[in-house]
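Along the sequence shown, residues are numbered consecutively beginning with 1. Remember, it's a predicted structure, so these values are computed and weren't measured experimentally.
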Amino acid sequence: VERTGLAAASVDVAVTALNFHDIYNGAGEAQALAFLRAVHGLLKTGGTLGLIEHSGAAGANNAQLHRLNEEVARKVIARSGFRVADSSNLLSNPDDDLAKGVFANRGKTDRYLLKLVKE
């Protein structure tokens, strides 16, 4: 919160798109949780975080593929103080081969979209 220059509980909406996997895969689950908690601290009660991420297959080397399995993301989210209020398949692509890295299908990956709410 301090690094952003924004006051705590001062933001209505935030979006993170196609980068949460980098935090989780690169810095670890604890840092991914810290990121979510930091955004949580910036949002007003009832505020929304939109999270868009490349789908990853369970059991795959998603770190190497630059992906994040949705269930893994949801487990971290559940500990962050956010509630998953909604999800959408708007950005899904069933033709994406989840065994390939996202750069093999740039711009056409299967993605999940979650609406997280601070209560």
Side-chain touch Glu119/Thr45, heavy atoms, less than 4.5 angstrom: no

Electrostatic pair Glu70:Arg74 at N-O distance under 4.0 angstrom: yes

Would you sort out whether His54 and His66 count as a ring-ring contact (aromatic ring centres under 6.0 Å, His included), showing the intermediate values? CA-CA 8 Å; His54 300 288; His66 291 270; 8.4 Å; no

Considering only heavy atoms from C-beta outward, does the side chain of Leu68 approach that of Tyr112 to under 4.5 Å? yes

Rounded distance [0.5 Å steps], CZ in Arg67 versus CG in Asn25: 11.5 Å

Min side-chain heavy-atom separation Leu51-Phe20 under 4.5 Å: yes

Evaluate the side-chain proximity of Glu53 to Leu113: yes if any heavy-atom separation is below 4.5 Å, no if none is. no

Can you find a heavy atom in the side chain of Val102 that is under 4.5 Å from one in the side chain of Leu65? no

Are Asn105 and Asp96 close enough that a side-chain donor and a side-chain acceptor fall under 3.5 Å? yes

Within the structure provided, determine whether Val84 and Leu116 are in side-chain contact (heavy-atom separation under 4.5 Å). yes

Is there a side-chain contact between Arg79 and Glu29, using heavy atoms and a 4.5 Å cut-off? yes

Note, Thr16 side chain near Leu49 side chain (heavy atom, < 4.5 Å): yes

Using the rule that two of Ile, Leu, Val, Met, Phe, Trp, Tyr join whenever any of their side-chain heavy atoms come within less than 4.5 Å, decide whether Tyr24 and Leu98 are in one cluster. no

